[in-house]
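Inspection log for the structure reproduced underneath, given as structure tokens.
In this text the structure is predicted, and so the values were computed from the model without any measurement.
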Amino acid sequence: MLRKLGLSLLAGMLLLAASACSPVKTAAPTPAPEAPIELNVSAALGLKDALLEIQTAYKTSHPEIKINYNLAAAGVLQSQIEQGAPADIFISAANKQMDALAKKNLIQAATRKNLVSNDLVLIVPKNAPLGLTDFNDLTNQGVIHFGLGDPATVPAGQYGQEVLQHLGIWESVKGKAVLAKDVRTILYYVETGNAEAGIVFSAIAATSDKVKIVATAPNGSHESIVFPGAVLSNSKQPVAAQEFFAFLSGPTGMEIFQKHGFQSIR
């Protein structure tokens, strides 16, 4: 009896030992998905609607790329970049801001390109009673306030001031100007009746059914309106940035820009 018990214990111990020596099979770990490549694009606020549509179109063919937009007045973006804000691409609404960054070697000069152009227009509320038809009409007594982008930071304001100076009425109307931080704020002023008129890009005016365009700035009354872009010198993703920038100026990008009221530059 004791012999049989001993043999059973021995067999059990051998079985346990064999199990301990057998390799334990575990499921292979699931590889973690690769993080998307992020591109930070600092762009003039006037391009907002077009850029958002371009973002959607680009994601279709480049799902591995995540586009992050920082949209504001070009002068504000210039200051942010100069202070070290992360950005891979900068798109201005005038050469002034791009030139400033170029002088500090903050852009890759070889990538700089004028993307699109636009018109500068005078807008009024849709049912405005004043009957304004020309920039010169800003001198009318009925115009108490008109919206103008701050010329120091807002390219549309810079162009607008040039027009009014060209027409010789700047000194007589500058006291009526309500300086705004960006073009969409000007649009809001006019939409709500807080300003009798406003000076904006035509593409911005086209986004609202509450305003109407009554005049376009005369040829030669302001510096040519261009929206230049470039890859920044401190871009963390220079290759991906150049590819996206090429898409902006390619057939699909240009089609979207034109859909939103911008003109291509030939």
Going through the distances and angles, do N118 and S202 end up as a side-chain hydrogen bond (donor to acceptor under 3.5 Å, both in side chains)?
CA-CA 7 Å; N118 212 209; S202 58; 3.0 Å; yes

Trace of the side-chain contact (heavy atoms from CB on, under 4.5 Å) decision for L232 with I81:
CA-CA 9 Å; L232 295 179; I81 292 170; 3.9 Å; yes

Stepwise, does the side-chain contact (heavy atoms from CB on, under 4.5 Å) test hold for I65 with L39?
CA-CA 7 Å; I65 305 294; L39 290 180; 3.9 Å; yes

Assess whether side-chain contact (heavy atoms from CB on, under 4.5 Å) is satisfied between Q78 and S92, documenting all intermediate values.
CA-CA 8 Å; Q78 172 200 333; S92 180; over 6 Å; no

Checking side-chain contact (heavy atoms from CB on, under 4.5 Å) for the pair Q263/D119: CA distance, chi angles, key distance, verdict?
CA-CA 9 Å; Q263 297 96 37; D119 294 322; 4.0 Å; yes

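Between L120 atom CG and Y159 atom OH the span is 9.0 Å, to the nearest 0.5 Å. In this structure, OG in S208 is found 3.5 Å from CD in E191, a value given to the nearest 0.5 Å. Separating the CE atom in M98 from the CG atom in L106 is a distance of 11.0 Å, to the nearest 0.5 Å. Atoms OG1 and CD1, from T139 and I169 in turn, are 6.0 Å apart once rounded to the nearest 0.5 Å. Atom CD of E82 is separated from atom CG of L77 by 11.0 Å, given to the nearest 0.5 angstrom. Interatomic distance, CG of L248 versus CG of L51, reported as 6.5 Å (0.5 Å rounding).
A donor-acceptor pair under 3.5 Å links the side-chain atoms of K176 to the main chain of L138, judged by distance alone. Within the 3.5 Å criterion, the main-chain N or O of Y188 finds a donor-acceptor partner in the side chain of T192. For the pair S117 (side chain) and I225 (backbone), a donor-acceptor distance under 3.5 Å is present. Under the 3.5 Å distance criterion, the side-chain polar atoms of T60 are matched with a main-chain donor or acceptor of T56. Under a 3.5 Å cut-off, the side chain of D182 and the backbone N or O of R184 do form a donor-acceptor pair. A donor-acceptor pair under 3.5 Å is formed between the side chain of D88 and the backbone N or O of N40. Between the side chain of E53 and the main chain of I256, no donor-acceptor pair closer than 3.5 Å is present. The main-chain N or O of A246 is found under 3.5 Å from a side-chain atom of S249 such that the two form a donor-acceptor pair.
Both I67 and F257 are part of a single hydrophobic cluster, where members link through side-chain heavy atoms under 4.5 Å apart. Put simply, I265 and I89 are part of two different groups of oily side chains (I, L, V, M, F, W, Y) that touch within less than 4.5 Å, one to the next. Residues V116 and L71 share a hydrophobic cluster, clusters being chains of Ile/Leu/Val/Met/Phe/Trp/Tyr side chains in contact below 4.5 Å. Cluster membership for L130 and I186, using ILVMFWY side-chain heavy atoms within less than 4.5 angstrom, is shared.
Closest heavy-atom contact between G147 and A195: N-CB, 4.0 Å. The two residues L179 and G149 make their nearest non-hydrogen contact at CD2-O, 4.3 Å. The shortest heavy-atom contact between K96 and A152 is NZ-O, 4.0 Å. Taking both residues in full, the closest heavy atoms of P155 and A74 are given as CG-CB, 3.7 Å, listed atom of the first, atom of the second, then distance. Taking each heavy atom of G46 and F262 in turn, the nearest pair found is O-CZ, 3.5 Å. When all heavy atoms are compared, the tightest approach of L122 to A197 is CD1-CB, 4.0 Å.
V183 places none of its side-chain heavy atoms less than 4.5 Å from the side chain of I199. Between L148 and V178 the shortest side-chain heavy-atom distance does not fall below 4.5 Å. Taking the side chain as every heavy atom from C-beta outward, F90 and R112 never approach each other to under 4.5 Å. Side-chain contact between N95 and V226 is present, with heavy atoms from C-beta onward closer than 4.5 Å. Looking at I144 and E196, their side chains come closer than 4.5 Å, going by heavy atoms from C-beta outward. Using a 4.5 Å heavy-atom threshold, the side chains of P251 and E255 count as separate. Side-chain contact between N114 and F227 is absent, with no heavy-atom pair separated by less than 4.5 Å. Side-chain contact between L115 and I91 is present, with heavy atoms from C-beta onward closer than 4.5 Å.
Judged purely by distance below 3.5 Å, without hydrogens or angles, the side chains of N68 and E38 pair a donor atom with an acceptor atom. For the residue pair Q108 and S233, no side-chain donor N or O sits within less than 3.5 Å of a side-chain acceptor on the partner.
Taking the ring centroids of F135 and F146, they lie at or beyond the 6.0 Å cut-off.
Atom NE2 of H222 has more than 12 neighbouring heavy atoms from other residues, nucleotides or ligands inside a 6.0 Å radius.
Of the candidates V190, L132, I204, V190 is the only one forming a side-chain contact (heavy atoms from CB on, under 4.5 Å) with I123.
Between Y69 and F244, the angle of the ring planes lies from 30° to 60°, which puts this pair in the tilted group.
Of the charged side-chain nitrogens involved, none lies within less than 4.0 Å of a carboxylate oxygen, so that K259 and D49 do not count as a salt-bridged pair.
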